[in-house]
Every structure is written in structure tokens, then in C-alpha cells.
Number of protein chains: 2
Amino acid sequence: MSSGILTIGDLSKATGTKVETIRYYERIGLLAAPDRTSGNYRAYGAKDLGRLSFIRRARDLGFGLEQVRELLGLSDQKQRSCEAVDMIARDHLAEVDRKLTDLKALRRELDSIIRQCGCGTIAECRIIEALAPIDPNGPVK
Amino acid sequence: MSSGILTIGDLSKATGTKVETIRYYERIGLLAAPDRTSGNYRAYGAKDLGRLSFIRRARDLGFGLEQVRELLGLSDQKQRSCEAVDMIARDHLAEVDRKLTDLKALRRELDSIIRQCGCGTIAECRIIEALAPIDPNGPVK
DNA sequence: ATTGCACCCTGTAGTAACTATAGGGTCAAC
DNA sequence: GTTGACCCTATAGTTACTACAGGGTGCAAT
């Protein structure tokens, strides 16, 4: 490939994004379909690489694809207030915090159950017991 | 419905699992297909409710469906050592810990970026800047 | 020129765990 | 009989990828 032209593999290596994922992003409109070589290979430019880098970074920070799309749209509007960007980021941070809270609660309970496991037979397994329905008529059947 | 027979809606309400999800569990073999009423309604019994409760609790603790399937299989083997159960639970706890670590790192970085946002225009937005590609030729274009 | 291998292409389906919808039947209270 | 809640099957969608299958291209080594 000649100077300035990048293949999909080049972009993949440069950003740590799989080739298939890059094609996926093109399909859903996150990336523009580039010109093609005579061999029908995608011919990307530096701007495409830049845009994919943005997407990769945002994804790594946990932003959903629609949020990434919005951020990309906003990033082109230089004179506009960045209030909307701030909002997207804060909403996302709040969501991350919710997930953290849930996961911590889950971990606490799971850890507690595991610690109680004396590990004899299934009949006396505290883990199974914790999951099994409470039987009002006696031991778990 | 007569005594002892439970509808899918009964199970749904008793376990907080959606009707559609219960049908899904039947389809993938986690729940046995019950007898039907003359009106073709599913006719569940107490054992079915118990099994669904187990599934629900395990799911709430974050176990994947295949892990739930294994746990269910093990729970029937009373005389067997609960070592396998212990293993599944510990593997899962390790996975939860990995997720927690990743999520915490993500949160730290996201929080840091947000705090730097002075919120003027997009051109000077620290969030967008953090996502944008590094331009060796000068300011982000 | 030929070969071999890494890479590229499109199209399609699968992953995990649900969830929603369309269109139609059942049941029980009124 | 009517009505509204519930039930049924079939199919497709959600999110963000990921994995083929089958075939074409490019380039270095021979």
C-alpha cells in the first residue's frame, strides 16, 4: 500500500480494534465507508484512524455506542458549549457507580456464602443450601 | 386453576422472573416442560417453583446460565462431595473480583477526566480532548 | 512466472441473557 | 354473552461484538 493509505489491518493494529469490529462500526455508521483500492481493499486515511482512536478510547471508558456517536457529533462543533458532553460523561459515571454498588453487594453475599462452605457432601453444602428453596416441611429434599 | 397447580404467571410472581424468561428457561432446558391443562396452559407443581427459585437466586448472584445448569445437576447428587460446587462458586467469585477491579480502574479514569472539565466550549473541552487522537502537528483539529 | 501465506472481501449466523411483538386462544367474573 | 387478564407460539430484536464460510488480492521468495 502506498504512502498515506492505511488498510483495515493497519487501523486494527494501531488501535487494538479487531478488523471485524471495524467493519461492524462502518456498518452501523460510526465510521465512514472509505474509498477502495483497485483490489477492493478499504483505503483509510489519517482522519479515519483518528476517529477510530476516539471510538476505541470512549469504548474503553465504558461509553455505549450511542453515547460514542453523540460525543463524536459534539466533538465537531467547536464553538458549542461542552455542557452536553459533560452531561453524557456524568450520566455515564453515575451508571458506573450503580454497577459498582450492585457488584459490591453481590460480591459480599457470594463471599459470605462461600466462607460458610465446609465442603463435605452436597447434602450439607452451604452454597447449595443458600440457593435452594426454603422448605417449610423440613430439610431440603 | 385448581389446588397444587401453578400457572406460569404464579411462578413469575413468586420468583420475580418474567413469564417470557420462564419460557426461555424451558426452551434452553433449564426448566422441564410441565404438563398442560385442557386449555394448553402450563401446569406447574411445587418442585418446578423450587427449581425456578434456585435459578433466580443463582442468577441474582451473577452465575451464568451454564453455571446454574451445573449447580442444579450437582444439587441432586446428595452423597457427592461438594468440591465441584465450591469450585464453581470460587471461580465465579474470582471473575466478580476481576470485574470489580476493571470497573474501579475505569471509574477512576473517567472521574479524573470529568473533574478536569472546565466546561466552556467544545474546542477546549477536556473530555473531548482526552478522547481525541494526539495530534503531533499542533492543537486537535 | 509460480507459489505460498498473510491479508482482504462479503454474507451470514452466533454469543449471552434476555425482551418485545404479533396474532390468536383461555378463563373467570360479571 | 362480554370483558379483561392471562395464556399460547413464533419470530425478531437488544447490545456489542465475534466467528465462520468461501473466495479474492498482494507481495516476497523461489
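Predicted, not measured: the structure shown is a model, and the values here were computed from it. Chain letters run A, B, ... following the sequence lines, proteins first and then strands; every chain starts at 1.
At distances below 3.5 Å, at least one donor-acceptor pair connects side-chain atoms of Q116(A) with backbone N or O atoms of S112(A).
At the phosphate of dC7(D), neither OP1 nor OP2 sits under 4.0 Å from any side-chain N or O atom of R42(B). In terms of phosphate contacts, R36(A) brings a side-chain nitrogen or oxygen within less than 4.0 Å of OP1 or OP2 of dT10(C).
At least one side-chain heavy atom of F54(B) sits less than 4.5 Å from a side-chain heavy atom of L71(B). Using a 4.5 Å heavy-atom cutoff, the side chains of Y44(A) and D10(A) are not in contact. At least one side-chain heavy atom of L131(B) sits less than 4.5 Å from a side-chain heavy atom of L61(A).
Distance CD1/I22(B) to CZ/R56(B): 9.5 Å, rounded to 0.5 Å.
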Give every pair of a protein N or O atom and an N or O atom of nucleotides 16-18 of chain D that lie under 3.5 Å apart, one pair per line with the distance.
from    : atom 1 : to     : atom 2 : distance (Å)
dA16(D) : OP1    : L65(A) : N      : 3.2
dA16(D) : O3'    : R59(A) : NH2    : 3.3
dC17(D) : OP2    : Y25(A) : OH     : 2.9
dC17(D) : OP2    : R59(A) : NE     : 2.5
dC17(D) : OP2    : R59(A) : NH2    : 3.4
dT18(D) : OP2    : T21(A) : OG1    : 3.4

Taking only N/O atoms, report every protein-nucleotides 1-3 of chain C pair under 3.5 Å with atom names and distance.
none

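Exactly one of V96(B), D60(B), L93(B), L100(B) qualifies for a side chain to side chain contact (heavy atoms under 4.5 Å, CB included) with L106(A). That residue is V96(B).
Among the protein residues, I28(A) comes within range of no part of the nucleic acid, since none of its heavy atoms lies under 4.0 Å from any strand.
Residues V19(A) and G39(B) each lie close to DNA chain C; by heavy-atom proximity, the contact nearer the 5' end of the strand is made by V19(A).
At a cut-off of 3.5 angstrom, the base of dC9(C) holds no donor-acceptor pair with the side chain of Y41(A).
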